[in-house]
Amino acid sequence: MARPRVDQQRVRQTGRSGQRAQGLPHRRGHRQRHGHAGALHRRRQGRLRRLGRRLREAGDRGPRQRFFHLLRAPQPDPGRPRGAGAQGGPGRADGRHRQHDRPPRPLRDSPLWSAGEPHQVHADPQVTAPVRTRFAPSPTGTLHIGGARTALFNWLFARRHGGTFILRMEDTDQVRSTRESVEQVLRDLRWLGLTWDEGPAGDDQGSVGPYGPYFQSQRREIYVRYLDKLQTAGLAYPTFESKAEVEAEREAAIAEGRAPSGAFEEATADQVQAMREKGLEPAWRFRMPESGVTEFEDLVHGSMRFENRLMADFVIVRSDGMPTYNFAAVVDDALMRITHVLRGDDHLSNTPRQVCLYRALGFEPPAFAHIPMILGADKQRLSKRHGATAVGEYRAQGFLPETLLNYLALLGWSLDDKTTLIETEQLVAEFSIERVTKHAAVFDPVKLAWMNGHYVRKADPARLAPLIREQFLKAGLERPEGPWWTRLASALKEKVRALSELPAENAFLFRREAPEPEARAKFLACGGPGMLAGLLELLRGAEFEPGPLEAALRGHCEAQGIKFKDAVAALRCGVSGRLVTPGLFETLTLLGREECLARLGEAGGWS
RNA sequence: GGCGCCUUGGUCUAGCUGGUUAGGACGCCGCCCUCUCAAGGCGGAGAUCACGGGUUCGAGCCCCGUAGGCGCUACCA
């Protein structure tokens, strides 16, 4: 390939002892520096907050976005150490927000780096053009709670603004990505109702949408094309340094108290050729600006600022030809016209690198919103040892999708000071990035279970019936489909949390079991044997529906001078062999007259 | 090591321009309701707002500093 404009590419000298190390200031006590930076940050935050309030009060539509540019003092022109800078930084002197209605610039306009020039992007939560968000999981396992929450926020934001929600599979890690995992993720998202407008279609490797394919593994040529552009512009270079070598160098640098070099040994064309003849391909690194700062506005964290010289050249294409996350995500987000990137804040530190890539490629960066992570009870990243963390597990345990949506929405977001139960529809209507929290949240399965109880109670028994049947089937308790299941559902839904708890407590409805000793004792204690004849008589004659049955029993007790409670206890224990059951009259009708009579007869033999 | 982010009861959170008995929810305890258990209703315990200074008549909110947790610094994403 042609390699024009070589002169412009000499943004930085190559070689591992490149200039940048020399340019480093003398190390100061890190503690002192750290504290200072923190203070600066806090001060800035304080100013932001005050400005934000002022603006909000003034009736400004978008509290957060406006004050950012007010805050930003006119950027002093650093003197443009290198000529290319003239067309650089996006600036936003006019204070308008136009990135959304402008497609990414064609690459040939790509400005080269100009060292020392701040690279700024602006974020604008005030939506002026169609919103496009995406969820981009790597299919290396099932959909987890954290991923589901990220997907939810992206989905909510898109739906809230009438935008487009895109699903993209980041399957560049060929060894860990599996077809099975893709299917599971699709299935779980569908179950949650987080439907996507563009992305994988069906369960195969197909895609729908104008910017596909939506599997990164199918987009290799695209990444190669953009790598070529970067290389041509002198912003990417090949290296053969192994991972071990890189690590050794870094550790040595730290041990010696010097900053690790940000540059790596660039292989010459001859070297690349020679290695290729030996069957080795280089990895490609992106050339970071060696000075200046990269700034961007984060919709939840505010103004972010990173020094370029502290970020090393990073690999964008591996020696196996696959792009790395930071590269593929940027190329795809740009090409797919993503306007708002909502993702876990573990990506916050990667963002300046990505912003540099956007710039290098001539793309306008999207708005970023880094949402807090979800942790386990021990405040560590959520993982298997925290119990069920996969969406699929919750589905299998009989959780309702609206439960997950409601609960997950409240992890890092709130509507107001007292709303806990929020229907999905309301979520869509009310979601706002401005109310997203900054700190990590601990996932609490107990609260989730409570919430599921609420939604199960709210649900239509006819909807619950097949779900409940599935749970019993799993426990080996069968019964043909039919209205009986709907009646069971309405009897059971009042006292449940996870539907999976049901079979253990209610197996007696399906088969006779040895009575619990406590139930047997209670049957005797409440005078069961003495009432038996009367109760059998009553059951034989009564209309077998909950209402009439209750009326009949109350009448019977009245006439016989029996305590209603005792009669209930006798029937419950006698018929179920248990202390706790669904409502007695529902239980009786579920069992049916004949079965009740038979079981009561057996109970007559207890002693 | 460097850089970055975060910090209100056990947990999720509210707290908008400084003045609230720091509000709500889960969980916990008690009472009521009640055919058991739940659900529901009512009430209670539980927060020196990470810590230390400062400004102020007054600070969870502002300023300075410290600590802790987490993330990035990978040819993981």
Side-chain angles (χ1 to χ4, degrees), chain A residues 27 30-31 33-39 41-43 46 49-50 52-54 56-57 63 136-138 140 170 172-173 176 239 241-243 246-247 250-251 253-255 257 259-260 283-285 298 301 304-307 310-312 314-320 322 324-326 328-329 344-350 352-353 370 372-373 375 377 379-381 407 410-414 416-421 437-444 446-451 453-454 457 494-497 505 522 550 553 564-569 571-573 578-585:
Chain A
R27 290 179 72 236
H30 71 274
R31 186 153 296 186
R33 275 174 80 180
H34 176 80
H36 188 54
H41 166 70
R42 271 193 297 278
R43 190 182 314 142
R49 204 172 294 178
R50 264 176 284 135
R53 285 170 187 163
R54 201 173 308 152
R56 206 168 316 171
E57 183 144 89
S138 61
T140 56
E170 306 222 327
T172 57
D173 186 337
R176 294 199 299 147
T239 64
E241 284 172 286
S242 72
K243 192 172 167 181
V246 171
E247 271 170 18
R250 200 177 75 89
E251 276 165 28
I254 289 172
W284 292 81
R285 285 184 186 270
D298 186 277
H301 291 280
M304 294 295 123
R305 182 185 169 90
F306 294 80
E307 280 196 68
L310 266 11
M311 293 181 280
F314 56 94
V315 172
I316 53 176
V317 174
R318 299 188 271 245
S319 49
D320 67 359
M322 275 300 190
T324 60
Y325 166 75
N326 279 314
D345 65 17
D346 47 337
H347 289 299
L348 192 53
S349 300
N350 275 149
R353 290 172 239 277
H370 287 93
M373 311 240 297
L375 310 176
K379 308 256 183 178
Q380 296 299 114
R381 264 180 125 114
Y407 180 75
L410 258 20
L411 245 33
W413 179 84
S414 64
D416 54 32
D417 58 338
K418 49 196 54 167
T419 307
T420 303
L421 270 359
T437 272
K438 291 177 170 188
H439 54 270
V442 172
F443 177 70
D444 180 7
V446 176
K447 187 165 184 176
L448 210 215
W450 162 80
M451 196 175 277
H454 167 82
R457 257 166 261 126
E494 297 308 322
K495 50 202 314 177
V496 74
R497 289 165 105 84
E505 295 294 314
K522 181 154 190 185
E550 178 168 0
L553 186 65
F564 183 69
K565 269 190 187 225
D566 286 341
V568 165
L571 280 170
R572 163 172 290 118
C573 295
R578 296 188 136 260
L579 241 27
V580 176
T581 73
L584 175 66
F585 306 101

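All chains are named by letter (A, B, ...) in the order of the sequence lines, taking the proteins before the strands, and each is independently numbered beginning at 1.
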- CG on A:Leu411 to NZ on A:Lys447, rounded to 0.5 Å: 9.0 Å
- Item | Interatomic distance at P, B:G65 relative to B:G23, whole Å | 33 Å
- Task: Would you mind telling me which of B:C35, B:A25, B:A14 lies closest to the side-chain atoms of A:Thr420?
- Result: B:A25
- Message: In whole Å, I'd like the distance from the CD atom of A:Glu494 to the P atom of B:U36.
- Response: 16 Å
- Message: Taking only the C1' atom of each, what is the distance from B:G15 to B:C49 in whole angstrom?
- Response: 10 Å
- Message: If I pick the C1' atom on B:C75 and the same atom on B:U7, what distance separates them, to the nearest angstrom?
- Response: 36 Å
At a cut-off of 3.5 Å, list every protein nitrogen or oxygen paired with a nitrogen or oxygen from nucleotides 27-31 of chain B, distance to 0.1 Å.
{"from": "B:G27", "atom 1": "OP1", "to": "A:Arg497", "atom 2": "NH2", "distance (Å)": "2.6"}

- Atom CD of A:Glu247 and atom OG of A:Ser242: how far apart are they, to the nearest 0.5 Å? 8.5 Å
- Query: Over how many whole Å does the gap from A:His454 atom NE2 to B:C26 atom C1' extend?
  - Reply: 14 Å
Identify each atom pair where a protein N or O and an N or O of nucleotides 75-77 of chain B are less than 3.5 Å apart, giving names and distance.
{"from": "B:C75", "atom 1": "OP2", "to": "A:Arg285", "atom 2": "NH2", "distance (Å)": "3.4"}
{"from": "B:C75", "atom 1": "O2", "to": "A:Ser319", "atom 2": "N", "distance (Å)": "2.9"}
{"from": "B:C75", "atom 1": "O2", "to": "A:Ser319", "atom 2": "OG", "distance (Å)": "2.8"}
{"from": "B:C75", "atom 1": "N3", "to": "A:Ser319", "atom 2": "OG", "distance (Å)": "3.0"}
{"from": "B:C75", "atom 1": "N4", "to": "A:Glu241", "atom 2": "O", "distance (Å)": "3.2"}
{"from": "B:C76", "atom 1": "OP2", "to": "A:Arg318", "atom 2": "NE", "distance (Å)": "3.3"}
{"from": "B:C76", "atom 1": "OP2", "to": "A:Arg318", "atom 2": "NH1", "distance (Å)": "2.5"}
{"from": "B:C76", "atom 1": "O3'", "to": "A:Arg318", "atom 2": "NH1", "distance (Å)": "3.4"}
{"from": "B:C76", "atom 1": "O2'", "to": "A:Asp173", "atom 2": "OD2", "distance (Å)": "3.2"}
{"from": "B:C76", "atom 1": "O2'", "to": "A:Arg176", "atom 2": "NH2", "distance (Å)": "2.6"}
{"from": "B:A77", "atom 1": "OP1", "to": "A:Thr172", "atom 2": "OG1", "distance (Å)": "2.6"}
{"from": "B:A77", "atom 1": "OP1", "to": "A:Arg318", "atom 2": "NH1", "distance (Å)": "3.1"}
{"from": "B:A77", "atom 1": "OP1", "to": "A:Arg318", "atom 2": "NH2", "distance (Å)": "2.8"}
{"from": "B:A77", "atom 1": "OP2", "to": "A:Arg318", "atom 2": "NH1", "distance (Å)": "3.1"}
{"from": "B:A77", "atom 1": "OP2", "to": "A:Tyr325", "atom 2": "N", "distance (Å)": "3.3"}
{"from": "B:A77", "atom 1": "O3'", "to": "A:Glu170", "atom 2": "OE1", "distance (Å)": "3.1"}
{"from": "B:A77", "atom 1": "N6", "to": "A:Asn350", "atom 2": "OD1", "distance (Å)": "2.8"}
{"from": "B:A77", "atom 1": "N1", "to": "A:Asn350", "atom 2": "OD1", "distance (Å)": "3.3"}

- C1'-based separation of B:C12 from B:U56 [nearest Å]: 34 Å
- Query: Is there a Watson-Crick or G-U wobble partner for B:A39 with both distances under 3.5 Å, and if so, which one is it?
  - Reply: none
- Task: Classify the nucleic acid contact of A:Leu348 as base, sugar-phosphate or nothing, counting any heavy atom under 4.0 Å across all strands shown.
- Result: sugar-phosphate
- Message: Any strand counts, and the cut-off is 3.5 Å on both contacts for Watson-Crick or G-U wobble. Which nucleotide pairs with B:U11?
- Response: B:A25
- Among B:A74, B:G69, B:C3, which is the nearest nucleotide to the side chain of A:Arg250? B:A74
- Rounded to the nearest Å, what distance is computed from the CG atom of residue A:Leu448 to the P atom of nucleotide B:C26? 14 Å
- Exam field: side chain A:Asp416 to backbone A:Thr419, donor-acceptor pair closer than 3.5 Å: yes
- Under 3.5 Å donor-acceptor pair, A:Ser349 side-chain atoms to B:G71 base atoms: yes
- Message: Of the listed nucleotides (B:G71, B:A25, B:U36), which one gets closest to any side-chain atom of A:Arg381?
- Response: B:G71
- Tell me the partner of B:A47, counting only Watson-Crick (N1-N3 plus N6-O4 or O6-N4) or G-U wobble (N1-O2 and O6-N3) with both under 3.5 Å; none if nothing fits. none
- Task: If B:C16 has a Watson-Crick or G-U wobble mate with both distances under 3.5 Å, name it; if not, just say none.
- Result: none
Atom pairs, N/O to N/O, protein against nucleotides 21-23 of chain B, distance under 3.5 Å?
{"from": "B:G23", "atom 1": "O2'", "to": "A:Lys418", "atom 2": "NZ", "distance (Å)": "3.3"}
{"from": "B:G23", "atom 1": "N2", "to": "A:Asp417", "atom 2": "O", "distance (Å)": "2.6"}

- Rounded off to whole Å, could you give me the CG-to-C1' distance for the A:Asp298 and B:C6 pair? 13 Å
- Nearest-Å distance, CG (A:Leu410) to P (B:G24)? 16 Å
- Message: I'd like the P distance from B:C33 over to B:U20, given in whole Å.
- Response: 39 Å
- Under 4.0 Å between a side-chain N/O of A:Lys379 and OP1 or OP2 of B:U7, yes or no? no
- Query: Contact class for A:Gly412 (heavy atom, under 4.0 Å): base, sugar-phosphate, or nothing?
  - Reply: sugar-phosphate
- Indicate, with a heavy-atom threshold strictly under 4.0 Å, whether A:Glu505 touches base, sugar-phosphate, or nothing. nothing
- Query: According to a strict under-4.0 Å criterion, is A:His301 in side-chain N/O contact with OP1 or OP2 of B:C6?
  - Reply: yes
- Item | Between B:C12 (P) and A:His439 (NE2): distance, integer Å | 7 Å
- Message: Mind checking if A:Leu584 touches a base, just sugar-phosphate, or nothing, with heavy atoms under 4.0 Å?
- Response: base
- Message: Mind checking if A:Tyr407 touches a base, just sugar-phosphate, or nothing, with heavy atoms under 4.0 Å?
- Response: nothing
- Task: Could you give the distance separating B:C26 and B:C6 at their C1' atoms, to the nearest angstrom?
- Result: 23 Å
- Rounded distance in Å between the P positions of B:C28 and B:C35: 25 Å
- Taking the P atom of each, how far is B:C16 from B:U55, in whole Å? 24 Å
- Query: Roughly how many Å is it from CE in A:Met311 to P in B:G1, rounded to a whole number?
  - Reply: 21 Å
- Rounded interatomic separation in angstrom, taking CG from A:Leu421 and C1' from B:G40: 14 Å
- Item | Base paired to B:G69 (Watson-Crick or G-U; both N/O distances under 3.5 angstrom) | B:C5
- Query: Would you say B:U36 has OP1 or OP2 under 4.0 Å from some side-chain N or O of A:Thr581?
  - Reply: no
- Item | Sidechain N-carboxylate O distance under 4.0 Å for A:Asp345, A:Lys438 | no
